[in-house]
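Side chains are part of it too, since the values below use all heavy atoms of this structure and drop only hydrogens, waters and symmetry mates. From a predicted model like this one, the values you see are computed outputs, not experimental measurements.
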Amino acid sequence: MAKLPDILNKTLIARSRFFAVEELQLRFANGAERTYERLRPGSIPAVMVVALADDDTVLLIREYGAGVEAYELGFPKGALEPGETLEEGALRELQEETGFGAREFTVLKTVSLSPGYMGHLLTIVLAEGLYASRLEGDEPEPIEVVPMALSALDDWVWREDFTEARSLAALYMVRDIVRARRAAAAAGADAG
């Protein structure tokens with residue numbers, strides 16, 4: 001593993017309501033020095049929730065993505081509230097954005113987005129044992145809930161309105177979990 005570069009200097013060069021841009025002066029192990037810019041890492045944890053309605057159905061949402069200026073499919077996500085645990089935040093986001101709660105949460109993986117210039121991390125959580133439960137959220141318009149069959153994943157990944165890479169990665173993780181469960185159940189049935 002390569003030695004991390006030395007950070008010689010960090011300078012805040014721009015700030016908005018939501019973002020702060022830093023300039024980093026770096027020195028690499030071979031002596032090369034470079035200037036990088038990045039969005040300053042967020043200090044608030046974020047969660048994305050994959051709601052598994054049954055062993056072949058996940059609940060996507062369609063909402064406006066200002067970054068791509070289009071309506072996009074993805075999973076409920078958001079920052080945790082102060083003092084909220086990962087599971088509490090996942091439950092709240094799920095209730096606000098889909099109208100469902102969940103009885104069971106499993107943390108799958110913490111992922112990054114464009115680590116070359118962003119330090120934002122998001123934890124993917126699988127939600128199961130769904131039940132109807134809606135909380136009022138801060139979304140400017142109603143969010144459409146779109147059921148998706150995991151068995152049709154190979155078709156869904158090519159949709160033009162499904163480009164969010166973290167959501168795509170989460171789908172493959174959940175598909176593999178469901179496949180492993182089915183294989184274990186089949187092996188148990190064969191043994192019995």
Side-chain angles (χ1 to χ4, degrees), residues 42 44-68 70-113 120-189:
I44 301 172
V47 65
M48 181 169 70
V49 187
V50 181
L52 190 61
D54 60 47
D55 70 351
D56 191 47
T57 308
V58 293
L59 302 181
L60 296 167
I61 60 170
R62 183 186 322 277
E63 65 182 333
Y64 184 71
V68 293
Y71 282 89
E72 287 281 323
L73 290 169
F75 289 110
K77 61 186 140 318
L80 298 185
E81 300 284 337
E84 217 173 30
T85 67
L86 199 59
E87 289 78 9
E88 290 167 341
L91 177 60
R92 179 183 48 76
E93 289 293 339
L94 186 62
Q95 291 171 314
E96 290 175 359
E97 297 185 15
T98 69
F100 288 94
R103 291 179 181 83
E104 183 180 342
F105 294 95
T106 305
V107 174
L108 300 182
K109 182 174 179 69
T110 298
V111 296
S112 63
L113 176 67
H120 300 280
L121 300 174
L122 175 126
T123 301
I124 300 170
V125 174
L126 175 62
E128 299 178 90
L130 302 185
Y131 58 90
S133 178
R134 178 166 300 282
L135 289 178
E136 192 66 33
D138 60 357
E139 290 73 27
E141 61 185 356
I143 294 176
E144 179 185 359
V145 178
V146 180
M148 188 209 95
L150 285 172
S151 57
L153 176 58
D154 292 339
D155 296 327
W156 281 78
V157 298
W158 298 106
R159 290 179 58 123
E160 289 185 17
D161 61 346
F162 193 27
T163 65
E164 212 268 324
R166 297 173 301 178
S167 291
L168 289 165
L171 272 176
Y172 283 102
M173 286 183 241
V174 171
R175 183 195 63 184
D176 290 349
I177 288 168
V178 169
R179 282 182 176 171
R181 287 177 181 172
R182 287 180 187 154

Test item: I61 and E144 side chains (from C-beta on) under 4.5 Å apart, heavy atoms: no
Non-hydrogen side-chain atoms of L86 and L80 separated by less than 4.5 Å: yes
Heavy-atom side-chain contact between L130 and E104 under 4.5 Å: no
Separation between CD1 of I177 and OG1 of T106, rounded to the nearest 0.5 Å: 7.0 Å
With R134 via salt bridge (charged side-chain N to carboxylate O under 4.0 Å, His left out) - residues at least two apart: none
Backbone N/O of R62 and side chain of E72: donor-acceptor pair under 3.5 Å: no
Pair E128 + R181, salt bridge at N-O below 4.0 Å: yes
Min side-chain heavy-atom separation F75-V58 under 4.5 Å: yes
Side-chain donor or acceptor of T98 paired with backbone N/O of L94 under 3.5 Å: yes
Note, V174 side chain near D176 side chain (heavy atom, < 4.5 Å): no
Any V145 side-chain heavy atom under 4.5 Å of L60 side chain: no
Atom of F162, atom of W156 and distance for their closest heavy-atom approach: CD2-O, 3.5 Å
Over 12 foreign heavy atoms within 6.0 Å of CD, E141: yes
Exercise: identify the closest heavy-atom pair between V125 and A90: CG1-CB, 4.3 Å
Minimum heavy-atom distance A170-M48, with the two atoms named: CB-CE, 3.8 Å
Basic-acidic side-chain contact under 4.0 Å: R92, E96: yes
Shortest non-hydrogen contact from G101 toward L91: CA-CD1, 3.7 Å
Test item: D56 and V178 side chains (from C-beta on) under 4.5 Å apart, heavy atoms: no
Verdict with reasoning, V50 to L52, per side chain to side chain contact (heavy atoms under 4.5 Å, CB included): CA-CA 6 Å; V50 181; L52 190 61; 5.7 Å; no
Criterion side chain to side chain contact (heavy atoms under 4.5 Å, CB included) on L168 and V157, from CA distance to verdict: CA-CA 7 Å; L168 289 165; V157 298; 3.8 Å; yes
Derivation of the side chain to side chain contact (heavy atoms under 4.5 Å, CB included) call for K77 and L122: CA-CA 9 Å; K77 61 186 140 318; L122 175 126; 4.2 Å; yes
Heavy-atom closest contact (Q95 atom, S133 atom, distance): NE2-OG, 2.7 Å
Under 3.5 Å donor-acceptor, E164 side chain and S167 backbone: yes
Pairwise distance CG(L73) to CG(D161) - rounded to 0.5 angstrom: 4.0 Å
Evaluation steps, side chain to side chain contact (heavy atoms under 4.5 Å, CB included), between Y131 and R103: CA-CA 8 Å; Y131 58 90; R103 291 179 181 83; 3.6 Å; yes
CZ on R175 to CG on L153, rounded to 0.5 Å: 5.5 Å
V49 and E97, any side-chain heavy atoms less than 4.5 Å apart: no
CD1 (I44) with more than 12 external heavy atoms under 6.0 Å: no
Separation of M148 CE from T57 OG1 (nearest 0.5 Å): 8.5 Å
